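Working notes, beginning with the structure itself.
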Amino acid sequence: MTPGVTQPGATLREMTWRDIPALTALEPVLFADDAWSGQTWWAELAERPRRRYVVGERDGAVVGYAGIDCGGEVADVMTIAVAPPMRGQGLGSTLMGWLVSQARHVGAEYLMLEVRADNTAAQRLYAAAGFSQLTVRRKYYQPGDVDALILRMPLRDLSDDSTQDVTT
Ligand SMILES: CC(C)(COP(=O)(O)OP(=O)(O)OC[C@H]1O[C@@H](n2cnc3c(N)ncnc32)[C@H](O)[C@@H]1OP(=O)(O)O)[C@@H](O)C(=O)NCCC(=O)NCCS
């Protein structure tokens, strides 16, 4: 992965096991209802070869991260998050750009994700990135009976599809 510098000055780099303490400290802040444990992060990094994770780092601190599962026609966003003090400065969009570039790099045709129906900030980020809603999983998130919106972004320019019918 080529490291890059984002608008707020956070550098993207590959996530490593050394980041796990920082990640487990951030998770309950960022995902109050379903924070990943240190054990989950260990498994993600050590036992899931299809997955790739990146962190945004500023002044030596992890201030955001994102991950993707790549394994065929469809790539799935595993996570994307930005620490509260860094929000609204473009880091989320930069992380999304990284996810899209990874999915394209492995030749995926679609990038998919699920988002809570009450997470309007994330939904606006995804809409701006080019995702549209595919379906809804009712009352998916518990507790609270919150629906999950399943979003999808096409990665291939459908106008280039040589299998499409051509009317002469
Ligand atoms: C969603 C999240 C990653 C956005 O990160 P961010 O760094 O603030 O995003 P950006 O600054 O790049 O903003 C990108 C777009 O997202 C939308 N957005 C971001 N924060 C928003 C807010 N509080 N309200 C409404 N829209 C918001 C806007 O459309 C924004 O574009 P704009 O600035 O041109 O209006 C961040 O809010 C977050 O980490 N939330 C908690 C974790 C989470 O919910 N992750 C997603 C799980 S599905």
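In listed order, ligands and their atoms are each counted from 1. Here the structure is a predicted model, which is why all the values come from computation and not from measurement. We use all heavy atoms of the structure for the numbers below, so side chains are in, but hydrogens, waters and symmetry mates are not.
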ask   = Considering residues at least two apart in sequence or located in another chain, which fulfil the side-chain hydrogen bond (donor to acceptor under 3.5 Å, both in side chains) criterion with Asp19?
value =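 side-chain hydrogen bond (donor to acceptor under 3.5 Å, both in side chains) list for Asp19, sorted by chain: Arg13.
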Which residue pairs pass the salt bridge (Lys or Arg N to Asp or Glu O under 4.0 Å) test when at least one of the two sits in residues 143-153, sequence neighbours left out?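 Listed by first then second residue: Arg138-Asp147.
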Compile the donor-acceptor pairs under 3.5 Å between side chains in residues 123-135 and protein atoms, sequence neighbours left out, one pair per line.
{"residue": "Gln123", "atom": "NE2", "partner": "Arg116", "partner atom": "O", "Å": "3.0"}
{"residue": "Gln123", "atom": "NE2", "partner": "Ala117", "partner atom": "O", "Å": "3.0"}
{"residue": "Gln123", "atom": "NE2", "partner": "Asn119", "partner atom": "O", "Å": "3.4"}

For a quick check under 3.5 Å, do Tyr65 and Glu27 share a side-chain donor-acceptor pair by atom type?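 On atom types as modelled, these side chains qualify, holding a pair under 3.5 Å.
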Requested in this report: Report all protein residues having a heavy-atom distance below 4.0 Å to some atom of ligand 1; order the list by chain, then number.
Outcome: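 For ligand 1, the residues that come within the 4.0 Å heavy-atom cutoff are Leu30, Phe31, Ile80, Ala81, Val82, Arg87, Gly88, Gln89, Gly90, Leu91, Gly92, Ser93, Glu114, Val115, Asn119, Ala121, Ala122, Arg124, Leu125, Tyr126.
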Worksheet item: How far apart are the closest heavy atoms of Leu95 and Ala81, and which atoms are they?
Response: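 What the structure gives for the nearest pair is CD1-O, 3.6 Å.
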| salt bridge (Lys or Arg N to Asp or Glu O under 4.0 Å), paired with Asp69, selected from Arg50, Arg48, Arg52 |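 Per the salt bridge (Lys or Arg N to Asp or Glu O under 4.0 Å) rule, the option paired with Asp69 is Arg50, out of Arg50, Arg48, Arg52.
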